Trainee: 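There's a structure below that I have some questions on.
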Amino acid sequence: MVKIRATAAEAPFPPDEPEAEPTETLPLSQRAMRRRPAEYLDALNPEQRDAVESLDGPLLVLAGAGTGKTRVLTTRIAHILSLGLARPGEILAVTFTNKAAREMKLRVSQLIGGVVEGMPWLGTFHAIGVKVLRRHAELVGLKPSFTILDTDDQIRLIKQLLAAENIDEKRWPARMLAAMIDGWKNRGLVPKRVPDGESFAFASGKARDLYALYQRRLKELNAADFGDLLLENLRLFQEHPDVLEKYQQRFRYMLVDEYQDTNVAQYLWLRLLAQGSDNVCCVGDDDQSIYGWRGAEVDNILRFETDFPGAKIIRLERNYRSTGHILGAASGLIAHNQGRLGKTLHTTGADGDKVEVAGCWDDEEEARVIGEDIEQLQRQGHTLNEVAILVRASFQMRAFEDRFITLGLDYRVIGGPRFYERQEIRDATAYFEVTLNPANDLKFERIVNTPRRGLGEATLKSLHQLARARGVPLTQAARLIVETEELKPKARKSLADLIGAFDRWRALIDGMSHTELAELILDESGYTAMWQADRSPQAQSKLENLKELIRFMDEFDTLAGFMEHVSLVMDAATEEGTDRVNLMTLHSAKGLEFDTVFLPGWDEGLLPHQRSLDETGRSGLEEERRLAHVGLTRARKRAKITFAQNRRNHGMWQTALPSRFIDELPVDHVEVAEDKGMRGYGPSRFDTAENVFASGFYDTPGWQRAQRNRQQGATPSAPRRDPLTIEGTLVAASTAAGAGLDIGTRIFHQKFGYGRVAQVDGNKLTVDFEKAGRKMVVDSFVERV
DNA sequence: AACTAATACTTTTTT
DNA sequence: AGTATTAGTT
């Protein structure tokens, strides 16, 4: 495993080679170049070489699957460095995934000779976004130490907003608003730029205001969500031209991987930077654009020439990966798409085996058949690492896992439930985060009552109320409230202990190693004990995961460094070494290749996924087809497509038709296995497949319920008891009255009733209540009467 | 506040 | 089918 620097210091080119010519001050890279002629260029074909050597001005490289895209990118970087045209810190190289970034780093340093530790600006859009943002945080209303929210936090925050705005969360789910905000951020839209029509799609037009409110809360919490990492960056560049200029000057060369996956915000960001030097090289393949649902704009790649005038376009069409039949099948399939830039992949290699197509009775048989095939391959001496099963949706994996377990076949799931997204990991990191940053309300809320400490809904509500009235973080509010008798003794003690524990841990940050501290925290908080006491089967593995987390932390220098990594890099390194079958979704397969690829689940409704068809119609269908194309082109030597006639979806059996994509495969490259006396699949099926478009969604109970709700919303319903409005007025009244609560003032308290102020100590009041007697309370909770 | 029972929702893909 | 959230009960 690679040792990761916690704080990637912006290393200048590390002078780790012996000084050969001490009198000269040439960049090291240039000296290296002198000794070692550019033999790396000889390994390229003419188009690739052209792409590497066309250094001036904008360049679009259309790189089909398996045409050496990564090689071009890495060699290009190496070339720039070798010629001494830029130092590592002057090259911006963005990728889409952390995996791609890792690989690129590795391969560049191999080319250069293992000396480039610092390519500080090679990373994902998000990682680079954070880096820029941390330096100029104040300019966008954040502190440099801002935290990055994960999806859980985001939802929790939005739920609170909806509650405060008195919006029925049943009718307008928080996740829905979260998705909308995400979409806007992907498109580079700040709240005031959100179109009216879209604002009306949520809570009768409140969407825009809620978005604005959400952004304000984020600033208050000193936090940014994933979308902000780009959007705020964009805002920074737009509102502060001087800052932008610095970066424009810095980046003399820019490279973008997977350009077809960039969204509008990323595109705008890039274009701003490219105004400095137009040495932009974008590499992509419109036929592999599979993230449209996430805001990726294929248009970005289709429009490149207009966006960057004078752009050069180079097509890489020589495929070095797949055999003739596989390539033929994939090309024939993707040719059914309209609106593509058009590439014709060809290979000089052998034809190889045809693509196999087989039908199965159900998903269990599918798993059985593929399992048998894999065992067969294994007997023939193939390694399992070179075998992959690529599914459309993750629920398909289950049948395979079950089967492989009974067969005793080793497998690994790639991109499955991510390590850092597991409950226990999130809980643990929440503890660490609050220790580092007590103002992180969302993380604090996550763990106040985990493990159970008797700090439930009621306590939390009081805390919130006070925090809001005071405008302080929850932990601060907790500090205040435990001084009073606001809470029941049990809760008060418990909360005081928790706050005390965090203070204690915080004091230890510099005193001990961060891994020790982490263990201490998990121990003293009772979190480990909670799982140890848990007798459920998964408790054991959760404990293992926690251990793994600590082990992983050891790779970082500090706790803070580790936390930065956690929020950004949501993937743990997949263990290599053992021989295992690879199981993953088509999406996470992009960029990988295997000798043998199994493609199960080519059913109508699953591979052209129903939802995709429903939501985005033809463009959705085309994206699904690209997905199928990506799947096929992962295979070097063997590809086998299967479909199941019956699939159990939500406990219900459903009959499925073979995917229309199967029909679209050119017959010359396909071999149909007619083994099990199965009803063949004929062209007549296509007609029925079309009907799937119009399939019955509108008579489901869900839709009818939605209709009913809508009607209810129109009719003014009887005013219901409304705790939050009460809270609102109460807060308003108390803050207004707060200053003038002198001794003797008659007040009202929600819990204790009427009373008179007996003593004032800052914001703490001692009150003689008519019923409850003498109590200490916080002034925010009382109302002057 | 914590436990139990009932109900809703899931299953596309992810930085 | 299974999980997650919620309502109701103690």
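Letters A, B, ... are given to chains in the order of the sequence lines, protein chains preceding strands, and every chain is numbered from 1. Bear in mind the structure is a predicted one, so any value in this text is a computation, not a measurement.
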Trainee: Would you kindly compare A:Asp182 and A:Glu624 by the position of their nearest DNA chain B nucleotide and give the one closer to the 5′ end?
Mentor: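 Its nearest nucleotide being more 5', the pick is A:Glu624.
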Trainee: Do A:Tyr267 and A:Asp299 have side-chain N/O donor and acceptor atoms under 3.5 Å apart?
Mentor: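 No, no side-chain donor-acceptor contact under 3.5 Å.
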Trainee: Of all the nucleotides listed (C:dG2, B:dT11, B:dT14), which has the minimum atom distance to the side chain of A:Phe395?
Mentor: B:dT11
Trainee: Find the distance A:Lys99:NZ to B:dT14:P and express it as a whole number of Å.
Mentor: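 Whole-Å distance recorded here is 10 Å.
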Trainee: Looking only at side-chain N and O atoms, does A:Thr97 come under 4.0 Å of OP1 or OP2 in B:dT14?
Mentor: no
Trainee: Does the ring centre of A:His629 sit less than 6.0 Å away from the ring centre of A:Phe661?
Mentor: no
Trainee: Is a side-chain donor-acceptor pair under 3.5 Å present for A:Thr450 with A:Asp427?
Mentor: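 No, no side-chain donor-acceptor pair sits under 3.5 Å.
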Trainee: Taking the basic N atoms (NZ, or NE/NH1/NH2) and the acidic carboxylate oxygens, is any pair closer than 4.0 Å for A:Arg156 and A:Asp153?
Mentor: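 Answer for the salt bridge query: yes.
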Trainee: Looking at the side chain of A:Phe226, which of B:dT11, B:dT15, B:dA1 is the nearest nucleotide?
Mentor: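 Per side-chain heavy atoms of A:Phe226, the pick is B:dT15.
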Trainee: For a quick check of understanding: with a heavy-atom distance under 4.0 Å over all strands, which category does A:Ala491 fall into, base, sugar-phosphate or nothing?
Mentor: nothing
Trainee: In this structure, how many angstroms lie between the C1' atom of C:dT5 and the CZ atom of A:Arg175, rounded?
Mentor: 12 Å
Trainee: Which whole-number value in Å describes the distance from A:Arg422 CZ to C:dA4 P?
Mentor: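 Rounding to the nearest Å, CZ of A:Arg422 and P of C:dA4 are 14 Å apart.
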Trainee: Taking OP1 and OP2 of B:dA2, is either one under 4.0 Å from a side-chain nitrogen or oxygen of A:Asn449?
Mentor: yes
Trainee: If you check every side-chain atom of A:Trp293, which of B:dT15, C:dG2, B:dT14 has the closest atom?
Mentor: B:dT14
Trainee: Return no unless some side-chain N or O of A:Ser612 is found under 4.0 Å from OP1 or OP2 of B:dT13.
Mentor: no
Trainee: Measuring from the side chain of A:Arg452 (C-beta onward, heavy atoms only), which nucleotide among B:dT11, B:dT15, B:dC3 has the closest atom?
Mentor: B:dC3
Trainee: Kindly point out which of B:dT15, B:dA1, B:dT13 is positioned nearest to the side chain of A:Arg294?
Mentor: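 Nearest nucleotide to the side chain: B:dT15.
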Trainee: In whole angstrom, what separates A:Lys159's NZ from C:dA4's P?
Mentor: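 Whole-Å distance recorded here is 13 Å.
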Trainee: Calculate the interatomic distance between A:Gln154 atom CD and B:dT15 atom P; express it in whole Å.
Mentor: 15 Å
Trainee: Remember a base hit wins even if backbone is also touched, and classify A:His126 as base, sugar-phosphate or nothing at under 4.0 Å, heavy atoms.
Mentor: base
Trainee: Would you kindly give the CD1-to-P distance between A:Ile128 and B:dT15, to the nearest whole Å?
Mentor: 16 Å
Trainee: Go nucleotide by nucleotide along DNA chain B from the 5' end; which of A:Gly454 and A:Tyr291 gets its closest nucleotide reached first?
Mentor: A:Gly454
Trainee: Rounding to a whole Å, what distance do you find between A:Tyr259:OH and B:dT15:P?
Mentor: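 Roughly 21 Å, once rounded to whole Å.
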Trainee: So what does A:Phe125 hit on the nucleic acid, given a heavy-atom distance under 4.0 Å: a base, only sugar-phosphate, or nothing?
Mentor: nothing
Trainee: Just checking, any donor-acceptor pair under 3.5 angstrom between side chains of A:Asp228 and A:Gln215?
Mentor: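 A donor-acceptor contact under 3.5 Å links the two side chains.
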Trainee: How many whole angstroms separate atom CD1 of A:Ile155 from atom P of C:dT5?
Mentor: 11 Å
Trainee: Is there a donor in the side chain of A:Glu486 and an acceptor in the side chain of A:Gln465, or the other way round, less than 3.5 Å apart?
Mentor: no
